[in-house]
Each structure stands twice: as C-alpha cells, then as structure tokens.
Participant: 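Structure incoming, see below.
Small disclaimer: the values here were computed from a predicted structure and weren't measured.
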Amino acid sequence: MNIVLHLFLGLFLLSCGGKKEKTGVQHTSTISKPSHAVWNVLVQRHVDETGLVNYAGFKKESAQLSGYLDYLAEHPPSQMWSKGDSLAYYINLYNANTVKLIVDNYPVNSIKDIPNRWGKKWISVGGTKLSLNDIEHKILRNMDEPRIHFAINCASYSCPNLWNKAFVAEKIEQQLNQVALDFVNDPSKNRFENGEAQLSEIFKWYKKDFTKEASLLEYINQFLNNPVSKDANIDYLDYDWSLNDAK
C-alpha cells in the first residue's frame with residue numbers, strides 16, 4: 001500500500017471517529033496544529049474581493065510563501081486532529097501550492113500551459129511527496145465534504161475564487177458555507193434563467209460528490225438565493241482556463 005493511501009486511510013479513520021491506528025506519516029510534533037496566519041496575510045494582500053490574484057505581488061514575496069509551505073511540511077496532520085483541522089490544512093496547502101506553481105512559472109497564460117501541473121509529486125507533507133491531484137482526489141475528496149470543490153482554486157477564471165482569507169478549523173463550517181454560497185450565486189460561474197440551469201463544469205466532473213443524498217439541483221438549491229425547480233433543464237458552461245491574474 002503506497003504512502004498516500006496510508007495517509008488517506010488515517011484521515012478517513014479520523015473523520016469516522018478518530019481511531020488511533022498508524023497511517024505511515026506519524027510524527028510526535030504533529031499533535032501541535034500549525035497556524036495559517038502567514039497565508040492569511042498573503043492572500044489578504046494579494047487577492048482581491050473578486051478572487052483575482054496579484055501573482056506579481058506574490059512573486060515579490062515568494063520567500064514568505066515558501067516559508068509557509070516549508071512550515072506546513074514540518075507540521076503534517078495527526079490522527080489527533082479534528083476533521084476541521086485537516087480540512088483547513090489541506091485546503092490551504094492546495095491553494096498555497098497552486099499559487100506557488102504559478103509564481104514559479106510566471107508569467108504564464110494558463111495553469112494548463114505548465115507541464116504535469118497536477119500530477120507531479122513535489123509537495124512535502126511530513127516525509128511524503130504529494131501532487132495536487134493527490135491532495136484533491138485521494139485526501140480531500142475522501143473526507144466526505146463536497147464543499148471542498150468551492151474552496152480549492154485552480155488559478156483559472158472559471159474556478160471558484162481564491163478566497164482572501166485562510167481557512168481555519170474553528171470557522172471551517174461557516175467558511176465552507178460561505179464559499180459555496182459565493183460560487184453557486186456567482187453569475188460568471190452558474191446561471192439560472194428561463195427554467196434552465198447553466199452550471200459550472202465542476203458540477204459535471206464531480207457530480208457523484210454532490211449527489212450522495214439528493215439530486216444535483218437539490219444540492220445546489222441549499223445555497224442558491226433563488227432556488228430553481230429540481231426538474232430544471234441542466235446545461236454546462238464552457239470552462240475558462242485563463243489565468244485569474246489581477247494584472
């Protein structure tokens with residue numbers, strides 16, 4: 001069994017009740033939970049209210065960004081953490097490393113111009129190397145929290161906005177609800193008119209994550225300011241992979 005699956009199994013046990021079996025990434029120092037204050041300062045400084053990112057500004061502060069990521073690497077999740085602690089850690093880890101990926105290749109027109117952008121294992125968590133795909137698909141998506149799809153950012157216009165606050169365990173429920181509300185009600189991401197739902201392709205790609213307990217539109221209606229009929233016709237908008245640059 002590979003180390004990523006070990007890590008996921010530890011998080012799965014944590015989310016199901018916090019059992020204490022070893023997962024393959026265990027450090028006595030992981031009991032202490034890292035602060036996300038540095039990331040909070042960086043996104044407050046370089047991400048505007050519409051989610052556009054000042055990558056040139058991030059590039060000037062690349063040492064602070066790298067320092068934060070090194071700090072996270074040295075403070076990997078423990079099975080003693082709550083689910084909220086782990087959600088906040090991995091959402092921030094994903095977003096901060098996505099920004100670093102862009103900064104390291106800046107200027108660039110799209111994240112898709114970067115070879116192996118999601119598959120390369122370059123992100124350190126304890127003694128383990130992970131890819132962005134590992135974090136999203138093997139860890140976050142297996143924590144049974146579909147709102148993560150509104151919280152992680154892929155550096156593109158059609159992605160959910162990069163939030164200009166760090167996610168923190170003590171506010172994670174409120175924060176995940178807010179990003180869900182923001183994304184679902186953003187007419188540049190989803191449109192609801194004339195009895196039709198024109199949805200972000202995120203809802204097509206990850207439909208099974210949103211429909212474990214209800215239909216897709218029933219799930220969306222939980223966050224939609226003006227709910228639509230659950231029988232509305234569904235179409236999907238083209239995804240814009242252009243860089244969400246504030247330049």
Side-chain angles (χ1 to χ4, degrees), residues 2-12 23-25 34 36 38-39 42-43 46-47 51 53 55 58-59 62 65-77 86-163 166-167 176 179 183 200-206 208-209 239-245:
N2 66 44
I3 193 70
V4 173
L5 185 55
H6 273 296
L7 187 58
F8 153 63
L9 286 174
L11 288 173
F12 177 77
T23 65
V25 178
H36 300 289
V38 171
W39 178 239
L42 288 172
V43 290
H46 300 301
V47 183
V53 182
Y55 290 107
F58 263 115
K59 194 172 185 72
S62 59
L65 177 60
S66 294
Y68 170 66
L69 292 172
D70 289 344
Y71 170 72
L72 290 186
E74 294 165 2
H75 294 79
S86 293
L87 280 167
Y89 179 97
Y90 281 110
I91 291 170
N92 292 330
L93 181 74
Y94 186 98
N95 287 340
N97 275 291
T98 296
V99 169
K100 179 169 173 52
L101 179 66
I102 299 299
V103 165
D104 288 349
N105 290 275
Y106 193 78
V108 66
N109 292 321
S110 170
I111 191 171
K112 295 187 82 172
D113 294 337
I114 302 171
N116 203 22
R117 58 254 167 203
W118 294 302
K120 182 179 179 180
K121 294 181 182 294
W122 60 281
I123 300 165
S124 294
V125 177
T128 306
K129 291 291 186 181
L130 303 177
S131 67
L132 288 169
N133 272 344
D134 290 332
I135 297 169
E136 179 178 8
H137 299 298
K138 295 182 179 180
I139 298 175
L140 282 170
R141 289 184 66 196
N142 284 299
M143 293 182 74
D144 196 27
E145 179 45 80
R147 290 173 296 177
I148 62 101
H149 292 296
F150 313 129
I152 57 175
N153 177 267
C154 61
S156 305
Y157 277 120
S158 287
C159 290
N161 292 343
L162 179 60
W163 213 29
F167 288 85
L176 289 174
V179 293
F183 181 75
S200 164
E201 286 190 291
I202 285 172
F203 289 113
K204 178 169 67 174
W205 299 332
Y206 306 117
K208 69 178 184 179
D209 293 2
Y239 211 81
D240 185 352
W241 288 100
S242 301
L243 190 69
N244 57 342
D245 198 341

Participant: With a 6.0 Å cut-off (strictly less than), is the heavy-atom count around NZ of Lys120, excluding the residue itself, greater than 12?
Facilitator: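 It does not: Lys120 NZ has 12 such atoms or fewer within range.
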Participant: If the condition is salt bridge (charged side-chain N to carboxylate O under 4.0 Å, His left out), which residues does Glu136 pass it with, not counting sequence neighbours?
Facilitator: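 Not a single residue meets the salt bridge (charged side-chain N to carboxylate O under 4.0 Å, His left out) criterion with Glu136.
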Participant: Could you report the tightest heavy-atom contact between Asn142 and His137, atom names first, then the distance?
Facilitator: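 Closest pair (atom of Asn142, atom of His137, distance): ND2-O, 3.1 Å.
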Participant: Flag the pair Val125 / Pro77 as yes when at least one side-chain heavy-atom distance between them is below 4.5 Å, and no otherwise.
Facilitator: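 SC-SC contact between Val125 and Pro77 confirmed.
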Participant: Between CG of Asp240 and OG of Ser200, what distance do you get to the nearest 0.5 Å?
Facilitator: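 Asp240 atom CG to Ser200 atom OG measures 11.5 Å (nearest 0.5 Å).
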Participant: With rounding to the nearest 0.5 angstrom, report the OG to CD distance, Ser158 to Glu201.
Facilitator: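 Between atom OG of Ser158 and atom CD of Glu201 there are 8.0 Å.
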Participant: For Ile111 and Leu243, what are the C-alpha separation, side-chain angles and deciding distance, and is it a side chain to side chain contact (heavy atoms under 4.5 Å, CB included)?
Facilitator: CA-CA 7 Å; Ile111 191 171; Leu243 190 69; 5.5 Å; no
Participant: Is there a side-chain contact between Tyr206 and Pro146, using heavy atoms and a 4.5 Å cut-off?
Facilitator: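 Answer no - side chains too far apart.
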Participant: Going by heavy atoms in the side chains, are Arg117 and Leu101 under 4.5 Å from each other?
Facilitator: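 Yes; the side chains approach each other to less than 4.5 Å.
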Participant: Are Ile139 and Leu130 packed together at the side-chain level, in the sense that at least one heavy-atom pair is separated by less than 4.5 angstrom?
Facilitator: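 In short, these two side chains touch, coming nearer than 4.5 Å.
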Participant: Where do Tyr157 and Asp245 come nearest, in terms of heavy atoms and distance?
Facilitator: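 Closest pair (atom of Tyr157, atom of Asp245, distance): OH-O, 3.9 Å.
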Participant: Just how far is it from atom CG of Leu72 to atom CG of Leu93, taken to the nearest 0.5 Å?
Facilitator: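 With rounding to 0.5 Å, CG (Leu72) is 6.0 Å from CG (Leu93).
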Participant: What I'd like to find out is whether the side chain of Trp163 reaches to under 4.5 Å of the side chain of Asn95, using heavy atoms alone.
Facilitator: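 No, every pair of side-chain atoms sits at 4.5 Å or beyond.
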Participant: Could I get the full list of ring-ring contact (aromatic ring centres under 6.0 Å, His included) partners for Trp122, not counting sequence neighbours?
Facilitator: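 Applying ring-ring contact (aromatic ring centres under 6.0 Å, His included) to Trp122 gives none.
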Participant: Between Leu162 and Thr98, does the side chain to side chain contact (heavy atoms under 4.5 Å, CB included) criterion hold? Intermediate values first, please.
Facilitator: CA-CA 10 Å; Leu162 179 60; Thr98 296; over 6 Å; no
Participant: Can you check whether Lys121's main-chain N or O pairs, donor with acceptor, with Lys129's side chain at less than 3.5 Å?
Facilitator: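 No: the side chain of Lys129 does not pair with the backbone of Lys121.
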Participant: For residues Ala166 and Val43, report the shortest heavy-atom separation together with the two atoms involved.
Facilitator: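 In this case the closest contact between Ala166 and Val43 is N-CG2, 4.2 Å.
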Participant: Could you report the tightest heavy-atom contact between Phe150 and Pro160, atom names first, then the distance?
Facilitator: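 For Phe150 versus Pro160, the nearest heavy atoms are O-CB, 3.3 Å.
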Participant: Can you list the steps and then say if Tyr94 with Asn153 is a side chain to side chain donor-acceptor pair (under 3.5 Å)?
Facilitator: CA-CA 8 Å; Tyr94 186 98; Asn153 177 267; over 6 Å; no
Participant: Check ring-ring contact (aromatic ring centres under 6.0 Å, His included) between His46 and all other residues, then give those that pass, not counting sequence neighbours.
Facilitator: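 Per chain and number, His46 pairs via ring-ring contact (aromatic ring centres under 6.0 Å, His included) with Phe58.
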Participant: For the atom pair CD1 (Ile91) and CE (Met143), what is the distance rounded to the nearest 0.5 Å?
Facilitator: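 Nearest 0.5 Å value for the CD1-CE distance: 8.5 Å.
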Participant: Is the shortest side-chain heavy-atom distance between Arg141 and Asp209 below 4.5 Å?
Facilitator: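 Answer yes - side chains close enough.
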Participant: Under a 3.5 Å threshold, yes or no: a donor from one side chain and an acceptor from the other, between Ser131 and Asp134?
Facilitator: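 Indeed, the side chains of Ser131 and Asp134 share at least one donor-acceptor pair under 3.5 Å.
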Participant: Rounded to the nearest 0.5 Å, what's the gap from CH2 on Trp205 to NE2 on His149? Could you check?
Facilitator: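 It comes to 11.5 Å.
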Participant: With a cut-off of 6.0 Å (strictly less than), are more than 12 heavy atoms of other residues, nucleotides or ligands near CG of Asn116?
Facilitator: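 Enclosed: over 12 neighbouring heavy atoms sit under 6.0 Å from CG of Asn116.
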Participant: May I ask you to test the Trp39-Leu65 pair for a side-chain heavy-atom distance under 4.5 Å?
Facilitator: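 Counting from C-beta outward, Trp39 and Leu65 do come under 4.5 Å.
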Participant: When rounded to the nearest 0.5 angstrom, what distance separates CG in Leu176 from CD1 in Ile148?
Facilitator: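 Here the interatomic distance stands at 9.0 Å.
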Participant: If you define the side chain from C-beta out and look only at heavy atoms, does anything of Ile152 sit under 4.5 Å from Ile135?
Facilitator: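 No - every pair of side-chain heavy atoms lies 4.5 Å or more apart.
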Participant: Could you name each residue pair satisfying disulfide bond (SG atoms under 2.5 Å apart) that touches residues 125-159, not counting sequence neighbours?
Facilitator: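 Residue pairs with at least one partner in residues 125-159: Cys154-Cys159.
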Participant: Would you please classify the geometry between the Tyr68 ring and the His36 ring as parallel, tilted or perpendicular, with 30° and 60° separating the classes?
Facilitator: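 His36 and Tyr68: perpendicular rings.
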Participant: Among all residues two or more places apart in sequence or in another chain, which pass the ring-ring contact (aromatic ring centres under 6.0 Å, His included) test with Tyr71?
Facilitator: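 Partners of Tyr71 by the ring-ring contact (aromatic ring centres under 6.0 Å, His included) criterion, ordered by chain and then number, come out as His75.
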Participant: Which residue pairs satisfy the salt bridge (charged side-chain N to carboxylate O under 4.0 Å, His left out) criterion with at least one member in residues 104-116, sequence neighbours excluded?
Facilitator: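 Pairs touching residues 104-116 that pass the test: Lys100-Asp104.
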Participant: Indicate the atoms forming the closest heavy-atom contact of Leu69 with Ala96, along with that distance.
Facilitator: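 Looking at all heavy atoms of both residues, the shortest contact is CD2-CB, 3.6 Å.
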Participant: Please give me the minimum heavy-atom distance between Ala151 and Phe167, naming the atom from each residue.
Facilitator: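 Closest approach of Ala151 to Phe167: CB-CZ, 3.6 Å.
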